[in-house]
Amino acid sequence: MNAATTITTDVVIIGAGLSGLTAARRLTERGISVIVVEAKTRVGGRVHRKELSPGKFLDIGGRFVGPGQDDILRIAAEVGVETAPFFHDGRCVWNFDGQRWETDGDGPLRDSASREQYDAARAELERLAFTLPTGSPWAAPNAATLDRTAFSTWLDEHLADTAARWALLFDLNSFFFVPAHRLSLLHVLSILASTGGWEILDQSDDRRIVGGSVEIAHRLAAALPGRVHTGQPVRTVEWTTDSVTVRTDELSITARRCIVAMNPSDARSISFEPALPWARGLFHRQHQVQGGVMGILIYQRPFWRDAGYSGQVTTDLPAGTYVRDGSLPDGSLGALNSFMTPLSEGPWGAPIGLLDSPAARREAITRVVEMAFGPDARTAIDYVEQDWLNEPFTAGVQAALPPGLMTEVGAAAVEPLGSIHWSSTELGDRWTGWMNGAIASAERVAIEVASTLNI
Ligand SMILES: Cc1cc2nc3c(=O)[nH]c(=O)nc-3n(C[C@H](O)[C@H](O)[C@H](O)COP(=O)(O)OP(=O)(O)OC[C@H]3O[C@@H](n4cnc5c(N)ncnc54)[C@H](O)[C@@H]3O)c2cc1C
């Protein structure tokens with residue numbers, strides 16, 4: 001076996017997602033030397049794109065941005081990447097409990113009693129969310145009670161109306177692809193609080209990044225020549241209070257500080273020596289995975305727009321919880337994205353096993369599109385997908401914390417441990433879980449690390 005190449009630097013950053021790369025940029029700006037090590041052979045982590053033909057890309061990971069997401073919009077502008085409006089014009093299609101209907105806007109509820117319950121439940125969730133301390137929801141006086149409550153229990157108590165319950169789950173589905181019984185109420189509230197509330201959250205799919213969101217990661221990495229090492233899964237982190245050695249199969253990097261920039265669930269594959277304290281270790285070991293498969297039907301053109309449809313389809317059918325128009329911005333190719341959640345069961349998501357092959361998934365999405373827009377659904381020229389559940393070195397879309405975990409881990413989620421610091425969207429206090437959260441977390445950790453280095 002060849003001896004590992006040794007490198008010495010001020011800060012070693014593990015993970016070249018948006019969070020790790022932004023932290024690297026901010027530290028470099030302060031004159032601090034950094035090395036970024038990334039397990040995958042590409043940068044970007046949970047932002048990724050598929051190239052359909054030269055220069056024509058489809059996002060298959062993080063893609064929507066919106067008002068209030070100032071951190072991601074700022075970094076996009078810094079690296080010279082533009083945003084474009086996401087296509088929303090036209091009617092939306094809904095299908096719930098065997099019934100199909102259309103609306104002109106986003107709201108699915110037709111019955112005024114359902115609407116009343118839904119509005120009241122949203123208001124109550126927002127009221128509770130705004131009582132949490134920013135950045136440390138586990139420290140709220142009633143945190144333990146809220147955390148021990150499964151979100152499904154809260155829904156049972158507040159939303160007897162099944163249509164209203166479905167509509168509320170739909171509002172949250174874009175970031176919680178797990179059944180509500182596996183989700184802590186405190187975590188739901190902390191995420192809602194981190195966005196600034198429903199009014200702004202409802203606009204979170206307003207725009208997209210031109211060229212795909214991963215273009216930001218590419219440009220951040222390009223501005224760090226020779227500093228980003230891809231294809232280097234980190235195996236061990238040997239740490240003390242003032243130094244750290246990070247080892248991959250080929251590299252041994254010694255630094256004064258280390259930033260672990262990934263979903264805590266992803267960090268469980270890394271061996272820490274000495275072992276992590278109990279609470280931090282629990283955070284890594286606990287299964288927080290959520291997500292599924294992003295499947296995209298590709299058409300010669302966005303045919304549904306001709307008939308006045310926006311491309312938005314929301315149903316309680318397998319493969320059809322969340323279909324959106326993902327066509328190229330110039331409309332030169334039509335694309336319908338569906339996010340399938342084989343992890344969840346029952347009406348919310350696909351029954352386990354039903355969608356176990358790409359062919360089964362393609363057929364399931366096609367049926368949903370056929371129900372929504374008619375027989376042209378079957379004229380797709382291609383189908384592409386990204387399986388985020390089986391993506392190496394990525395545990396899923398974003399952490400969905402089960403009841404009890406947030407308060408058990410507490411401040412250990414964010415507090416530095418000796419020479420180790422933590423970053424990722426899960427730890428960003430503005431838009432936790434979104435691309436914005438990754439940047440917010442990186443901005444915080446860069447200041448934290450620089451201050452420990454007295455720079
Ligand atoms: C399908 C999908 C849809 C989404 N939709 C949206 C959206 O519309 N809008 C939005 O704002 N956000 C969305 N998100 C979320 C957004 O993409 C993430 O919040 C953000 O990209 C997370 O960045 P990060 O840097 O925190 O983590 P990551 O991107 O996960 O980066 C962590 C990096 O660490 C690496 N790593 C893991 N283990 C090791 C190891 N042992 N050694 C070295 N490296 C390692 C990983 O490979 C990865 O590159 C979506 C995500 C997905 C997957």
Side-chain angles (χ1 to χ4, degrees), residues 12-24 36-49 59-66 69 71-73 76 86 174-175 177 195 204-209 212-214 216-217 220-221 228-237 246-249 251 253 259-272 284 289-296 322 324 326 337-341 385-389 391-399 422-428 430-442 445:
V12 56
I13 298 172
I14 311 176
L18 289 174
S19 177
L21 290 169
T22 303
V36 184
V37 265
E38 165 58 47
K40 298 185 211 292
T41 52
R42 62 174 180 84
V43 299
R46 282 174 271 177
V47 288
H48 193 19
R49 67 187 178 192
D59 270 314
I60 50 174
R63 55 190 172 140
F64 300 121
V65 290
Q69 299 181 25
D71 303 278
I72 182 75
L73 294 171
F86 209 80
S174 57
F175 50 99
F177 290 98
T195 67
S204 63
D205 59 354
D206 194 45
R207 302 182 75 78
R208 63 164 143 204
I209 306 289
S213 309
V214 76
I216 299 174
L220 287 168
V228 182
H229 298 261
T230 54
Q232 297 292 331
V234 168
R235 311 290 184 199
T236 58
V237 173
V246 165
R247 296 187 203 281
T248 74
D249 295 341
L251 303 174
I253 305 146
I259 301 173
V260 178
M262 64 187 71
N263 181 335
S265 282
D266 290 329
R268 94 182 90 175
S269 67
I270 300 174
S271 169
F272 290 84
H284 293 197
V289 177
Q290 59 119 5
V293 181
M294 173 81 86
I296 311 179
Y322 193 75
R324 290 291 181 279
N337 299 45
S338 177
F339 204 76
M340 287 165 285
T341 58
E385 64 174 32
Q386 172 74 15
D387 183 353
W388 285 102
L389 287 175
E391 163 85 357
F393 307 108
T394 294
V397 174
Q398 65 138 300
W422 316 99
S423 184
S424 80
T425 186
E426 283 70 24
L427 309 180
R430 299 182 293 274
W431 292 85
T432 315
W434 278 262
M435 296 185 282
N436 193 87
I439 311 298
S441 169
V445 87

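Indexing begins at 1, ligand by ligand and atom by atom, following the structure's order.
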Counting only heavy atoms, tell me which of Trp388, Phe64, Phe86 gets closest to atom 8 (O) of ligand 1.
Phe64
Minimum non-hydrogen distance to atom 3 (C) of ligand 1, winning option of Gly17, Ala399, Gly61, Ser213
Gly61
Output the list of atoms in ligand 1 that are nearer than 4.0 Å to some heavy atom of Ala39, sorted by atom number.
39 (C), 40 (C), 42 (N), 43 (C), 44 (N), 45 (C)
Closest candidate by heavy atom, reference atom 18 (C) of ligand 1, pool Ala438, Gly433, Gly62:
Gly433
Considering both backbone and side-chain atoms of Trp434, is one of its nitrogen or oxygen atoms within less than 3.5 Å of a nitrogen or oxygen in ligand 1?
yes
Give the atoms of ligand 1, by number and element, whose distance to some non-hydrogen atom of Ile270 is under 4.0 Å.
41 (N)
Is a side-chain N or O of Arg247 found less than 3.5 angstrom from the main chain of Arg235, in a donor-acceptor match?
no
So between Arg46, Arg208, Glu38, whose heavy atom ends up nearest atom 30 (O) of ligand 1?
Arg46
Ligand 1 contacted by Trp431 (non-hydrogen, < 4.0 Å):
no
I'd like to know if Asp71 pairs up with Arg430 as an ion pair, taking the criterion as any Lys NZ or Arg NE/NH1/NH2 lying under 4.0 Å from an Asp or Glu carboxylate oxygen.
yes
Output the list of atoms in ligand 1 that are nearer than 4.0 Å to some heavy atom of Ser424, sorted by atom number.
26 (O)
Could you report the tightest heavy-atom contact between Ser19 and Ser424, atom names first, then the distance?
OG-N, 3.5 Å
Is Lys40 paired with Glu391 through a side-chain N to carboxylate O contact shorter than 4.0 Å?
yes
Residue selection (non-hydrogen contact nearest atom 40 (C) of ligand 1) among Leu18, Val214, Thr41, Val234:
Val234
Which heavy atom of Thr230 sits nearest to which heavy atom of Val43, and what is that distance?
CG2-CG1, 3.9 Å
Taking atom CD1 of Ile259 and atom OG of Ser441, what is their separation to the nearest 0.5 Å?
9.0 Å
Report yes or no: does Asn263 have a heavy atom closer than 4.0 Å to ligand 1?
no
Regarding ligand 1, does Asp266 bring an N or O atom to under 3.5 Å of one of the ligand's N or O atoms?
no
Numbered atoms and elements of ligand 1 in range of Val37, under 4.0 angstrom, heavy atoms:
43 (C), 44 (N)
